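One structure below.
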Number of protein chains: 2
Amino acid sequence: MDAFEALGAPTRRQILGELKRSPRSVNDLVDALSANQPSVSKHLKVLREAGFVSVRGEGQQRIYQLEPARFRELEAWLAPYRQLWTRHLDALERHLERKEKRR
Amino acid sequence: MDAFEALGAPTRRQILGELKRSPRSVNDLVDALSANQPSVSKHLKVLREAGFVSVRGEGQQRIYQLEPARFRELEAWLAPYRQLWTRHLDALERHLERKEKRR
DNA sequence: CCTAAATATGCCTTGACAGGAATATTCCCT
DNA sequence: AGGGAATATTCCTGTCAAGGCATATTTAGG
């Protein structure tokens, strides 16, 4: 499953939202979200295989945290589209300027 | 289908990639991608309903173009994660500075 | 009005994924 | 080594989306 598909499931975006605040154990995530433990574990597996999160063992817990690299790739994908709205804003600006000069 | 799911299908990302260059008719997209026409039309429908593209009729053609608003929302979603790697870079910078001072 | 071009829609099949429950595994502690 | 906590995996089922094909719809032009 590729990066975009991985973000398709709302539950996984919720998980990322939680991990954005701080790294978490699986049980912490289970509490934060309202999902059962196997479900969370499975979603974490998907996110891990998609490169969005990594794990480290800490005692008998497994702590998941975000993996910046994947997010940078998202950013890179999105970047070329950004000029879409900057161009848009430029046009708006020019438009406003013309109005300004007219009064 | 929500925005992220809409981006899940590779074919749809290809379509967006084409439309990024310039607005296109359906047939132009069919040629650019290697997909059959009904498939392209259906993907365009999904993208339109997800707010990524808009259409205007021009003669007997339908010209599709990107819709900036939806991309801005993606940007907004991604923004909070951006500090992930800026923090990362800061840490790297401090690390390098310490190394620098030591020599 | 009729035809052809451009596009959209309906239908069907196949495959994949999410959710839930039960069970398996791993790891720590004593 | 045994027990319990934390997590992972398996199996099952319902649902939904993608692809391919046939067909319907729209629109321009003669």
Side-chain angles (χ1 to χ4, degrees), chain A residues 1-67 70 74 77, chain B residues 1-67 70 74 77:
Chain A
M1 179 176 304
D2 82 332
F4 286 94
E5 288 180 74
L7 293 180
T11 305
R12 286 197 283 269
R13 292 200 299 278
Q14 280 187 263
I15 292 181
L16 293 180
E18 290 298 323
L19 294 184
K20 183 177 51 184
R21 311 187 61 87
S22 72
R24 306 282 179 107
S25 75
V26 177
N27 263 337
D28 286 352
L29 289 171
V30 171
D31 293 343
L33 289 58
S34 51
N36 51 34
Q37 179 267 319
S39 174
V40 171
S41 275
K42 277 185 289 189
H43 284 303
L44 283 170
K45 180 177 187 173
V46 172
L47 288 172
R48 181 160 35 88
E49 289 176 350
F52 282 105
V53 304
S54 60
V55 213
R56 68 187 135 88
E58 186 164 294
Q60 47 194 339
Q61 313 205 351
R62 314 251 303 167
I63 308 297
Y64 283 82
Q65 66 180 4
L66 296 183
E67 204 55 41
R70 199 40 112 207
L74 269 191
W77 180 85
Chain B
M1 181 177 303
D2 82 332
F4 287 93
E5 287 180 73
L7 294 179
T11 305
R12 284 197 284 269
R13 292 201 299 276
Q14 280 186 265
I15 291 181
L16 293 181
E18 290 298 325
L19 294 184
K20 183 176 53 185
R21 312 187 61 87
S22 71
R24 306 283 179 104
S25 74
V26 177
N27 264 337
D28 286 353
L29 289 171
V30 171
D31 293 344
L33 288 59
S34 51
N36 51 34
Q37 178 267 318
S39 174
V40 170
S41 275
K42 277 186 285 190
H43 282 304
L44 283 171
K45 180 178 188 175
V46 173
L47 287 173
R48 182 160 33 88
E49 288 176 349
F52 282 105
V53 305
S54 58
V55 214
R56 67 185 136 89
E58 186 164 294
Q60 47 194 337
Q61 312 205 352
R62 313 251 304 167
I63 308 296
Y64 283 82
Q65 66 180 3
L66 296 183
E67 204 54 43
R70 200 40 113 204
L74 269 192
W77 179 85

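Here the structure is a predicted model, which is why all the values come from computation and not from measurement. Lettering of chains follows the sequences in order, A, B, ..., and the numbering in each one begins at 1.
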Of A/E58 and A/E5, whose nearest nucleotide on DNA chain C comes first from the 5' end? A/E5
Only one of B/H43, B/R48, B/K45 passes side-chain contact (heavy atoms from CB on, under 4.5 Å) with B/V53; say which it is. B/R48
Where each residue is assigned the nucleotide of DNA chain C containing its nearest heavy atom, which of A/R12 and B/L44 is assigned the position nearer the 5′ end? B/L44
What are the two closest non-hydrogen atoms of A/P23 and A/R56, and how far apart are they? CB-NH2, 4.1 Å
If you define the side chain from C-beta out and look only at heavy atoms, does anything of B/L7 sit under 4.5 Å from A/L7? no
Separation of A/L29 atom CG from D/dA6 atom P, in whole Å? 14 Å
Any side-chain N or O of B/H43 below 4.0 angstrom from OP1/OP2 of D/dA17? no
Would you indicate what A/R48 reaches in the nucleic acid, counting non-hydrogen atoms under 4.0 angstrom: base, sugar-phosphate, or nothing? nothing
Measure from the side chain of A/K42, starting at C-beta and using heavy atoms only, and say which of C/dG19, D/dT7, C/dT7 lies closest. C/dG19
For B/E18, which residues count as a side chain to side chain donor-acceptor pair (under 3.5 Å) partner, sequence neighbours excluded? B/R24
In whole angstroms, how far is the P atom of D/dT27 from the CD atom of B/Q60? 10 Å
Would you kindly give the CZ-to-P distance between A/R56 and D/dA6, to the nearest whole Å? 17 Å
At under 4.0 Å between heavy atoms, what does A/A9 touch on the DNA or RNA strands: base, sugar-phosphate, or nothing? sugar-phosphate
Derivation and outcome, side-chain contact (heavy atoms from CB on, under 4.5 Å), residues A/N27 and A/V40: CA-CA 9 Å; A/N27 263 337; A/V40 171; over 6 Å; no
Rounded to the Å, how far apart are A/M1 CE and C/dC17 P? 4 Å
Which part of the nucleic acid, if any, lies within reach of A/K45 when heavy atoms closer than 4.0 Å are counted: base, sugar-phosphate only, or nothing? sugar-phosphate
Presence of B/S39 side-chain N/O under 4.0 Å of C/dA8 phosphate oxygens OP1/OP2: no
d(CG, B/N36; P, C/dG10) in whole Å: 17 Å
Suppose we call a contact any N or O donor and acceptor under 3.5 Å apart; does that hold for the side chain of B/Q37 and the base of C/dA8? yes
Could you check how far CD1 of B/I63 sits from C1' of C/dA8, rounded to whole Å? 15 Å
Hey, is the side chain of B/R62 poking within less than 4.0 Å of OP1 or OP2 on D/dT26, counting only N and O atoms? no
A/P38 side-chain proximity, nearest of D/dA6, D/dA22, C/dA22: C/dA22
Hey, is the side chain of B/N27 poking within less than 4.0 Å of OP1 or OP2 on C/dT7, counting only N and O atoms? yes
Taking all non-hydrogen atoms of both residues into account, name the closest pair between B/R12 and B/E5 and its distance. NH2-O, 3.5 Å
Please state how far atom CG in A/L7 lies from atom C1' in C/dC17, giving the value in whole angstrom units. 15 Å
Rounded to whole Å, the CG-P distance (B/D28 to C/dA6) equals 10 Å
Less than 4.0 angstrom between a side-chain N/O of A/Y64 and OP1 or OP2 of D/dA8, yes or no? yes
